[in-house]
Amino acid sequence: MVEIDFREIEKKWQSLWEKERIFQPEPSEKPKFFITIPYPYLNGNLHAGHTRTFTIGDAVARFKRMRGYNVLFPMGFHVTGTPIIGLAELIQRRDPKTVEVYSKFHDVPEDVLLTLDTPEKIVEYFSKEALEAMRGIGYSIDWRRVFTTTDETYQKFIEWQFYRLKKLGYVVKGSHPVRYCPHDRNPVEDHDLLHGENATVIDYTVIKFYYEEEGEKIILPCATLRPETVFGVTNIWLKPTKYVLARVNGEKWLVSREAYEKLTYTDKEVEEIGEINAEELFGRFAVNPVTQTKIPILPAEFVDTDNATGIVMSVPAHAPYDYVAIEDLKKSELAEKYGLKEILEKIQPIVLISAGESGIPAKNIVEEMDIKDQNDPALERATKLLYKKEFHKGVLLDVTGEYSGMQVSQIKDRLQRDLIEKGIGDIFYEFSERPVVCRCGTKCVVKLVKDQWFLNYSNPEWKGKVLEHLERMQIIPDYYKEEFRNKIEWLKDKACARRKGLGTRIPWDKEWLIESLSDSTIYMAYYILAKYINEGKLKAEHMTESFLSYVLLGEGEPETSLDRETVERIRRDFLYWYPVDLRSSGKDLVANHLLFFLFHHIAIFNQEFWPRAIAVNGYVSLEGEKMSKSKGPLLTMKRAVKENGADVTRLYILYAAEYDSDADWRRKDVESLATHLKRFYELVRENYESKDWENLSMLDRWLVSRFQKVVKETNEAMESLQTRRAVNSAFFEMMADVRWYLRRGGKNLSLIIDDWLKLLSPFIPHVCEELWHLRHESFVSLEKYPEYDESRVDEEAEAAEEYLKDLISDIKEILKFVDAKKVYVSLAEPWKLEVLNLAVKAGDFKSAMKEIMKDERFRKMGKEVSNFVKKALKDGFKLLDEERIIRENIEFISKETGVKLELSDEVPEEKRKLAMPGKPALYAV
RNA sequence: GCGGGGGUUGCCGAGUCAGGAAAAGGCGCAAGGCUUAAGACCUUGUCCCGUAGGGGUCCGAGGGUUCAAAUCCCUCCCCCCGCACCA
């Protein structure tokens, strides 16, 4: 095979597409299709993951364009947030790991890398690289609309958006808990942690038990994850150690030393005013603020002063720990020491939850598991088991008063709210697992960030609208709709302001920056403005609030220095292009960006401009290994294209996996795919001649018919974004048929080549363009995509060819066992047509089988008959002229099998009996 | 734990919704052809048994429904992803 320089072909067509501006759409009478892919974040080079998502998008864009749509496919660059700043700092410091990863995996030459010591230089470098990479792989992007999220004009757009959201009441103030390092005085992200990456922040309900000292309430803030058990509290546990007495928001609280430290990071005002040894309190009584009952304060070693407040309420009926601790205490000398004997005798567990068992649940499980004392490790398991059971199956009993009859699983939030409203409850944030340690070695705490700006995603009305619109949308693959539904319901308010990073300031509160996912929600509309901005017509000073409200929402009058004609043109562009018809993205964005994308569109735009469809695709691994931007391994888009060529890279990534399943990039497979593409190239070049539609042979009709089925399959697959299925059909399966056609002596391959090139051009546009131009002047990229033409389907030709294949394979099978020179062929006896006639009469498979199975003869070979009938019906059974097929192809069969063939009755009786229509008897001698 | 997805031949993966020849297609491997040779290319084979186109096994495990189950129903096991304020 001749060497083909794919890179040269690719560059040639890329520059011609560019020169002829064929991917720069303007509004027209044609129906539009607006497809967007999330813009990449530029803290590195585009990699195989981007390659997958973007190539899927490009294939769809090209497909839709050829299907007659006016397609807009734009791209921008995302640089807002902290990682680029972090990277600049690492480069300044010449951090060895960073230098290694960026030179080795991101392919940035080391000397160049070291100059990228400011965020601006990083953005400039990587945006140039990204642009080259995307051009080099042949994406049909309209580059007139490119932008960067730090552009002044973009910031105007974001400011407008946030004013809008604020006006709608969707930006609110609040506080929220973050993981925080007291030493660095900063919130800590996952990669800043030494330990505890898996720790989450959980909210304990604090219930303000109290006792009185000289007429003043001293609050014992009990922290619990099960506030409903407050109705079953029999006592309070303190560790026999020193506690801190503190003034907390005006109240006097007793908490552990650790808890006091933690409180100083919350939004509460705290001040230490003394120290109390818990021992002084043992035997004294406190009041349960919910039930008003008096309960004793008792010692327990199992109390962890580093967990929440360090004060625990005891519910022996439902908490195995509490039950066992009371039993232990009865036997311990501590009871004697603190004079608790009498008190302990009186303690009776109070059952308040029914999960369908009798007696005291904690006692039952402790006895069942034979737990001896509070040091028994099985206690942990017992607690989990009981908790789980009661959470899922438990119902609250009458002792819980107004909550009686509620399910345990439903109670927590409501009770927490009620308690806080009554002034007897609070929240204490704590890590789910400890310790959580910062890279600097300091133990992290939960810090409550005050007066933070939030996007109010929990707003039920907003949520409701999003959920409702979701039902109208197309989600690909469809099972992701359920995932979206769940995530929308789960979404809580999101802090949308930051102290640090690149981006836009909150226009009414300039000390805050808008968080980087919050500024990337409706920017698809900005692509429409970007064209005018890049032309130099639209400038930041033109972009007043009223201008943006006018062109994007059609509201009011535009007060702007921009000329009216341009304003109107922008408005018309928006009306034409919006809404987004398809947003195609990696699945990592489902639980964040794609949700925000929906929420913000629904908040800001009129319903007719809400997104129509979302598609989700999976990740890419390298030789089975997970990719990592910051650690490697990584394969850049540029390198993939440089080593394999654009079309091979595209074809591979589209074919490697379907939908959200993950694709694996395997060098060997990619290389072998290159040979397929070369074979295709040669095949077309050698056979691309004028075609003869006049005298079609049966074989030609077969080829044309098979191609129609491929066209149908490919179209269907692309409509649902199944690129793997599409490539498999359009490329691989068609190749197999073409090979058979040529082997059978077909001479008229050109019958399908024009359409075949069109069919493949969304996947491998450069090669297709090159081949297409052997006989045409136009761009294949702009041709009309082939459509299924049923009139060209020829079931008879297909059945005949199938018959031939079967016959050859049968003969070969026999020849494995018999060393013969000649094969006699004898056709089936006519009565066997009965089955077929019955089947054809019945029409569909089910009733056919019912009818046929009534006959004992056929029933005996039920399976065979069923298979036979199925096939006959599926292929639109034609009574084949078997004799003619054999006679016409007798030489081909001989050539394929290496034996002589003869139609003859010399086949022995017992073999002739076995013959079926479509399956003649054979006799080899 | 909650939610979503999945378990098919040496590997990747179709087939499951609408039960009816399991294994399309790709990779890998093997044989033959072509070639000075290698590569590429073409052909064939690749669950087991079989000196006549056949038979058997089989779709994570176990039950059930049916003339017929990878597919429908029940029970169980295992794997992946998300659970956030980070792009």
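Residue K812(A) is classed as a sugar-phosphate contact, given heavy-atom separations below 4.0 Å to backbone atoms only. Across all strands shown, R725(A) has no heavy atoms under 4.0 Å from either base or sugar-phosphate atoms. P920(A) comes within 4.0 angstrom of a base, heavy atoms only. Within the nucleic acid shown, D669(A) comes within 4.0 Å of sugar-phosphate atoms alone, with no base atom in reach, counting heavy atoms only. Counting non-hydrogen atoms under 4.0 angstrom, N728(A) reaches a base of the nucleic acid. Among the protein residues, Y479(A) comes within range of the sugar-phosphate backbone only, with heavy atoms under 4.0 Å from sugar or phosphate atoms but none that close to a base. Using a 4.0 Å heavy-atom cutoff across all strands shown, D493(A) reaches at least one base atom of the nucleic acid. Within the nucleic acid shown, L673(A) has no heavy atom closer than 4.0 Å to any nucleic acid atom. Note on S729(A): nothing from the nucleic acid sits closer than 4.0 angstrom, heavy atoms only.
Here G32(B) sits opposite C42(B) as a Watson-Crick or G-U wobble pair (both hydrogen-bonding atom distances under 3.5 Å). Base-pair partner of G25(B): C12(B) (Watson-Crick or G-U wobble, both distances under 3.5 Å). Across all strands shown, C17(B) has no partner, as no Watson-Crick or G-U wobble contact with both distances under 3.5 Å is found. With a cut-off of 3.5 Å on both pairing distances, G53(B) has no Watson-Crick or G-U wobble partner at all. When both pairing distances are held under 3.5 Å, C2(B) makes a Watson-Crick or G-U pair with G82(B). When both pairing distances are held under 3.5 Å, C76(B) makes a Watson-Crick or G-U pair with G60(B). Figure legend. U66(B) is base-paired to no nucleotide; pairs are counted as Watson-Crick or G-U wobble with both atom distances under 3.5 Å.
Rounded to the nearest Å, the gap between the P atom of G28(B) and that of A40(B) is 9 Å. Distance check on atom P: A24(B) versus U44(B) gives 14 Å, rounded to whole Å. For the P atoms, the distance linking A84(B) with U75(B) amounts to 31 Å, nearest Å. For the C1' atoms, the distance linking U51(B) with U65(B) amounts to 43 Å, nearest Å. Only the C1' atoms considered, G82(B) is 40 Å distant from U46(B), to the nearest whole Å. Comparing U16(B) with A23(B), their C1' atoms sit 14 Å apart, to the nearest whole Å. Spacing between G60(B) and U8(B) at atom P, rounded to whole Å, works out to 6 Å. Taking the P atoms as reference points, A61(B) lies 15 Å from C11(B), given to the whole Å.
Residue T82(A) has a polar side-chain atom (N or O) positioned under 4.0 Å from OP1 or OP2 of A87(B). Distances shown here put a side-chain N or O of S516(A) below 4.0 Å from the OP1 or OP2 atom of A87(B). The side chain of S661(A) places no N or O atom within less than 4.0 Å of a non-bridging phosphate oxygen (OP1 or OP2) of G13(B).
Between Y170(A) and H600(A), the ring center distance fails the sub-6.0 Å criterion. Two rings, from F731(A) and Y655(A), have their centers 6.0 Å or more apart. Annotation: Y39(A) is in aromatic contact with Y523(A) [ring centroid separation under 6.0 Å].
Remark: P of C27(B) and CH2 of W665(A) are 15 Å apart, rounded to the nearest angstrom. The CD1-C1' distance, from I85(A) to C86(B), rounds to 14 Å in whole Å. Rounding to whole angstrom units, CZ of residue R485(A) and P of G5(B) are separated by 11 Å. Atom CZ in R744(A) sits roughly 17 Å away from atom C1' in C42(B) (whole-Å rounding). Distance H676(A) NE2 to C41(B) P: 7 Å, rounded to the nearest Å. Between K487(A) atom NZ and G4(B) atom P the separation is 9 Å, expressed in whole Å. A straight line from CG of L589(A) to P of C86(B) spans 16 Å, rounded to a whole angstrom. Taking atom CZ of residue F484(A) and atom C1' of nucleotide G82(B), one finds them 12 Å apart after rounding to whole Å.
Set against U43(B), C41(B), C86(B), the side chain of R739(A) has U43(B) as its closest nucleotide. Taking every side-chain heavy atom of E733(A) into account, G25(B) is the closest of A40(B), G25(B), G53(B). Proximity note for R724(A) (side chain, C-beta onward) versus A84(B), G25(B), G28(B): the nearest is G25(B). Listed candidates were A87(B), C81(B), G26(B). Nearest to the side chain of E515(A) is A87(B). Closest to the side chain of Y923(A), out of A52(B), A87(B), C86(B), is A52(B). Comparing atom distances between the Y41(A) side chain and each of G50(B), A87(B), G25(B) picks out A87(B) as nearest. Nearest nucleotide to the R666(A) side chain, out of C83(B), C11(B), A87(B): C11(B). Comparing C27(B), C86(B), U44(B) by their closest approach to the side chain of R743(A) singles out U44(B).
Ring planes of H50(A) and F54(A): tilted class, angle from 30 to 60°. Between F126(A) and Y102(A), the two ring planes are tilted [angle within 30° to 60°]. Using a 30° and 60° split on the angle between ring planes, F454(A) and H176(A) fall in the perpendicular class, above 60°.
Partners of R667(A) by salt bridge (Lys or Arg N to Asp or Glu O under 4.0 Å), not counting sequence neighbours, listed by chain and number: E643(A), E671(A).
The closest side-chain heavy-atom distance from R666(A) to Y652(A) is below 4.5 Å. Looking at heavy atoms from C-beta onward, N728(A) lies in side-chain contact with E733(A) at the 4.5 angstrom threshold. Proximity of L749(A) to V738(A): side-chain heavy atoms (C-beta onward) are separated by under 4.5 Å at one or more points.
N43(A) contributes no side-chain N or O that forms a donor-acceptor pair with the base of A87(B) under 3.5 Å. A donor N or O paired with an acceptor N or O is found under 3.5 Å between the base of G50(B) and the side-chain atoms of E813(A).
Both A924(A) and Y655(A) lie near RNA chain B, and the one whose nearest nucleotide falls closer to the 5' end is Y655(A). Between H78(A) and A736(A), it is A736(A) whose nearest contact on RNA chain B lies nearer the 5' terminus.
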